[in-house]
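One structure below.
Any value given below was found using the heavy atoms of this structure, including those in side chains, with hydrogens, waters and symmetry copies removed. We count residues from 1, following the sequence as given. Source: prediction; values computed, not measured.
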Amino acid sequence: MTALAQETTAQMLWRRFRSPTAWGETVDLFAILTVASLPWSTSLTAIFNAILLVCMVPFLDIRAFLQSLTRPICAAPIALVLLAVVGTLWSDAAWGARLYALSPTVKLLVLPVLLYHFERSPRGHWMFIAFLVSCALLSVMSWLVAFYPGLSLKPYDPLERGIFVKNYIDQSQEFALCAVALAYPVMMLLREKRYLFAGLLSALALSFLVNMAFVVVSRTALVTVPIMLGVFALLHLQWRSIAIISAALIACAAIAWQASPQLRKTANTFSRDYQLYTQENVPTSMGERLEYWRHAVRFFVQAPLVGHGTGSSQALFEKAAKDPSWVPGVRVFPNPHNQTLHVAIQWGIVGIVVLYAIWISHFLMFRGEGFAKWIGLLVVVQNVFTSMFNSHLFDFHEGWMYVIGVGVAGGIVIRAQRAEAKVGEVGS
């Protein structure tokens with residue numbers, strides 16, 4: 001009897017091993033683990049993502065996958081990676097620096113893979129839920145760390161108040177995305193008169209915003225959250241609703257401003273840093289960005305067509321730091337804290353065209369109604385505007401937020417479009 005049971009178990013395992021459906025479910029599982037681990041750990045994100053890619057290999061339809069790569073939404077990210085590879089040929093940087101600069105672009109190759117998989121998987125929405133739950137748990141941990149700093153896995157730093165892992169920029173990006181993303185399902189629930197669920201999601205969104213107001217928030221998030229909310233209002237609300245909600249948000253912002261010393265301190269650093277840099281040449285955070293941007297434009301003018309090559313930024317800034325015009329105390333950094341300028345230095349106008357082709361093609365994919373389209377659009381909008389102050393497409397955390405967000409949401413959108421096309425063919 002035991003031998004029969006063992007044989008039956010072995011047969012079942014073998015059957016699942018040979019089943020494309022079982023492999024697809026395994027890919028979905030590791031995709032969920034990848035998304036859930038992103039707010040907490042870079043190592044786990046990389047490990048789960050690698051396993052996900054391996055699990056796709058056994059039953060990958062090579063012909064269909066290669067055909068999917070010809071779409072602009074896939075071809076543009078691949079083109080940027082290829083440009084980075086070719087750009088190593090005319091770079092004067094050491095090969096170690098070239099390969100190091102190449103590595104942040106490689107994650108873009110995962111985007112077409114996710115688009116292909118979630119075009120076929122019915123579990124794409126689970127990824128959104130996993131990310132939301134993970135960020136909600138991180139928010140709770142952030143409050144605990146704010147009151148009990150000893151719980152943090154990071155050395156104590158007043159600027160990193162309420163940060164359990166990673167940093168306040170990454171955490172602000174996550175909380176801002178979740179808070180604004182919830183506006184769409186709340187709106188739909190209110191239209192369906194499902195007030196209880198709408199209230200719960202509203203409370204969850206508010207909890208993210210309260211954490212950002214009273215614990216810690218990045219200046220980039222302070223700038224981009226109103227823009228993201230504005231995009232939602234213009235796309236989904238009538239002018240009367242926009243006026244009422246805007247008045248309510250302004251009132252809430254005024255209350256938060258008066259009640260939160262942390263929020264006032266963060267906002268006041270804009271003018272303080274600018275004045276210290278421009279009037280006293282003090283190397284503040286904003287001053288460093290302005291210094292990077294000033295020299296980055298000069299580097300671009302020196303090689304406007306194809307740039308200085310992959311990995312050239314570090315050496316260029318090190319050389320510029322020896323110039324008398326360099327503000328003393330400004331750190332030498334390998335990128336100018338601006339995605340467009342970072343690309344322009346290395347690959348010139350050609351790189352800028354490819355970069356904007358990525359953003360535009362993905363933006364166009366998410367036009368219209370639907371939760372997946374809203375998430376995808378929001379991810380693109382957030383990345384575009386935060387990349388004005390950072391090289392977020394190439395940063396690990398924000399880059400993976402973009403790749404996963406666009407890949408999953410895009411796959412869901414394409415899957416829905418294919419289903420609608422089949423219904424149309426049957427109807428005709």
(request) Assess whether side chain to side chain contact (heavy atoms under 4.5 Å, CB included) is satisfied between N383 and W359, documenting all intermediate values. (result) CA-CA 9 Å; N383 189 265; W359 281 334; 3.1 Å; yes
(message) Tell me the closest heavy-atom pair linking Q382 and A176, and the distance in Å.
(response) NE2-CB, 4.1 Å
(request) List the atom of G351, the atom of L80, and the distance in Å for their closest heavy-atom pair. (result) O-CD1, 4.4 Å
(message) Can you classify the ring geometry of H125 versus F371 as parallel (below 30°), tilted (30 to 60°) or perpendicular (above 60°)?
(response) parallel
(message) Checking T45 against W40: is there a side-chain donor and acceptor pair closer than 3.5 Å?
(response) no
(request) Establish, for the pair R367 and F363, whether the NZ or CZ atom is under 6.0 angstrom from the six-membered ring centre and no further than 45 degrees off its axis. (result) no
(request) Work out which heavy atom in M401 is nearest to a heavy atom in Q173; give both atom names and the distance. (result) CE-O, 3.9 Å
(request) For the residue pair F394 and H342, categorise the inter-ring angle as parallel (less than 30°), tilted (30 to 60°) or perpendicular (more than 60°). (result) perpendicular
(request) Take E174 and H397 through the test side-chain hydrogen bond (donor to acceptor under 3.5 Å, both in side chains) and record every step on the way to the result. (result) CA-CA 10 Å; E174 295 160 350; H397 188 84; 2.5 Å; yes
(message) Once you measure the plane-to-plane angle for F299 and H295, does it fall in the parallel (<30°), tilted (30-60°) or perpendicular (>60°) bin?
(response) tilted
(request) Using only heavy-atom distances, determine whether the side chains of S142 and Q171 contain a donor-acceptor pair under 3.5 Å. (result) yes
(request) Indicate the ring-plane relationship of F389 and W293, choosing parallel, tilted or perpendicular according to the 30° and 60° boundaries. (result) tilted
(request) Give a yes or no on whether the backbone of H117 and the side-chain of S121 come within a donor-acceptor separation of less than 3.5 Å. (result) no
(message) Please identify which of these residues, L33, I32, L38, V35, meets the side chain to side chain contact (heavy atoms under 4.5 Å, CB included) condition with F48.
(response) L33
